[in-house]
Amino acid sequence: MLKKIVIPLLQWYNINKRILPWRDRNNAYYTWVSEIMLQQTRVEAVKPYFQRFITALPDVQALAQCPQEQLLKLWEGLGYYNRVRNMQEAARQVVSEHQGIIPEDYQTLLSLKGIGSYTAGAIASIAYHKSVPAVDGNVLRVITRITENNGDISRQSVRRVIEEALSEIMPEDKPGDFNQALMELGAVVCIPNGMAKCEECPVASLCQAYCHDTVDRFPVKAAKKERRQEDKTVFIIQDGEATALRKRPSKGLLAGLYELPNVPGHIDRERALEYVRKLGLDPLYIEEMPSSRHIFSHIEWRMEAYRIRVSSLEKAKDKDLIFADKEQTGKRYAIPSAFGAYARYIKEEKR
DNA sequence: AATCCGGGGGC
DNA sequence: GCCCCAGGATT
């Protein structure tokens, strides 16, 4: 009977819950921002971003009004950049349609951009004490182990069954604590990859997988597909004052962020010089840089690079190019980590 | 239902 | 290398 986990879980959580910057503030905006940041992202990675973000944009109105360049800069390095664009769109919805107050109702929360079933449940239960489940990857792992549910967790049907089961046992007085207790247990005790610390688990005796010594067989997940390889040649074009950057398209991978100019495939020095001349620039030196690799969840970039000194960047015809000096680079342009290996040359003094 | 969308930390 | 993370939108 699943209901038996409620009391021991809440007791365990009361004693073991981590102190987190967004926890116990009684502020729905803090809950919201933290939940968006925590999507597919670990607690430790989020902490410094959360503090900085809240300081810069302390409330829904500030978020709604923030220029997108600053918004992306605040998110730089966190990944999944649509999260923050969607959150701003939702903030504008909140201002225009909900008098600037983050909705309490689960269904209304669901109607906001970037808020799906998990995040709606998290905000409703944690910030507003509504009795709705919040099923994330941690909860799926914990519950499939306790119940020895061998369904593929990537299927909606499995998730729905778990949400319904949790709805029935949800403690009406502490739904937020209950949801967080499940997630906390999944994050620190009931962890993946054969690392589960069952001896520390408050509900081990109620766990079917523990009792049958099958913990590591759960959760069941469909095999992931291979990631595609993409070769690129990256250009670090400098005139001694500035480095050429380019703004990426507003849709797709790394949308709206800045990058070093680059072309598909690996090309030799001559073609690299040709590329630079076609921009209207006069190359003075060319230098091969170390190759670099960046792995996304679904793509792998294999990058080769040239650093090219030109007489003056001002001659470039390409209207998409931006000339970033050392100061601007740090403040204005959000450059994703994919270019991390070469980003340091952007700021570095040229020879 | 399958695919797209980042980056990092732990093993 | 491989796993997976306080997921959601789009097709």
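It should be emphasised that the depicted structure is a prediction, and the values quoted were computed from it without experimental measurement. Chain naming here is simple, since letters A, B, ... match the order of the sequence lines and numbering starts at 1 in each.
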Please tell me which of L38(A) and G114(A) maps to the more 5' nucleotide of DNA chain C, matching each residue to the nucleotide holding its nearest heavy atom. L38(A)
How many whole angstroms separate atom NZ of K224(A) from atom P of dC5(B)? 20 Å
At 4.0 Å (heavy atoms only), tell me whether G194(A) reaches a base, stays on the sugar-phosphate, or touches nothing. nothing
Here's a test of your reading of the structure: between R293(A) and S297(A), which maps to the more 5' nucleotide of DNA chain C? R293(A)
Could you work out the separation of dC5(B) and dC4(C) based on their P atoms and round it to a whole Å? 22 Å
On the side chain of T41(A), is there an atom forming a donor-acceptor pair with the base of dG7(B) - under 3.5 Å, no angle test? no
Indicate, with a heavy-atom threshold strictly under 4.0 Å, whether R141(A) touches base, sugar-phosphate, or nothing. sugar-phosphate
Distance check needed: dG6(B) P versus H294(A) NE2, whole Å only. 9 Å
What integer distance in Å separates E44(A):CD from dC4(C):C1'? 16 Å
Taken to the nearest whole Å, CG/L109(A) to C1'/dG7(C) is 15 Å
For dT11(C) and dG6(B), measure between their P atoms and round to the nearest Å. 15 Å
N or O in side chain of N86(A) less than 4.0 angstrom from dG8(C) OP1/OP2: no
Would you kindly give the CG-to-P distance between L72(A) and dG7(B), to the nearest whole Å? 12 Å
Output the rounded distance in Å from CG (L254(A)) to C1' (dC4(B)). 12 Å
Over all strands shown, is M37(A) touching base, sugar-phosphate only, or nothing at heavy-atom distances under 4.0 angstrom? nothing
Say we look at dA6(C) and dT3(B): how far apart would their P atoms be, to the nearest angstrom? 25 Å
Using distance only, find each side-chain donor-acceptor pair of residues 104-111 of chain A under 3.5 Å and give its atom names and separation, not counting sequence neighbours.
from, atom 1, to, atom 2, distance (Å)
D105(A), OD2, Q107(A), N, 3.2
D105(A), OD2, T108(A), N, 3.0
D105(A), OD2, T108(A), OG1, 2.9
S111(A), OG, T108(A), O, 2.6

Base, sugar-phosphate alone, or nothing: which one does R227(A) contact when heavy atoms must sit under 4.0 Å apart? nothing
Would you kindly check whether a donor in the side chain of R42(A) faces an acceptor in the base of dC4(C), or vice versa, at under 3.5 angstrom? yes
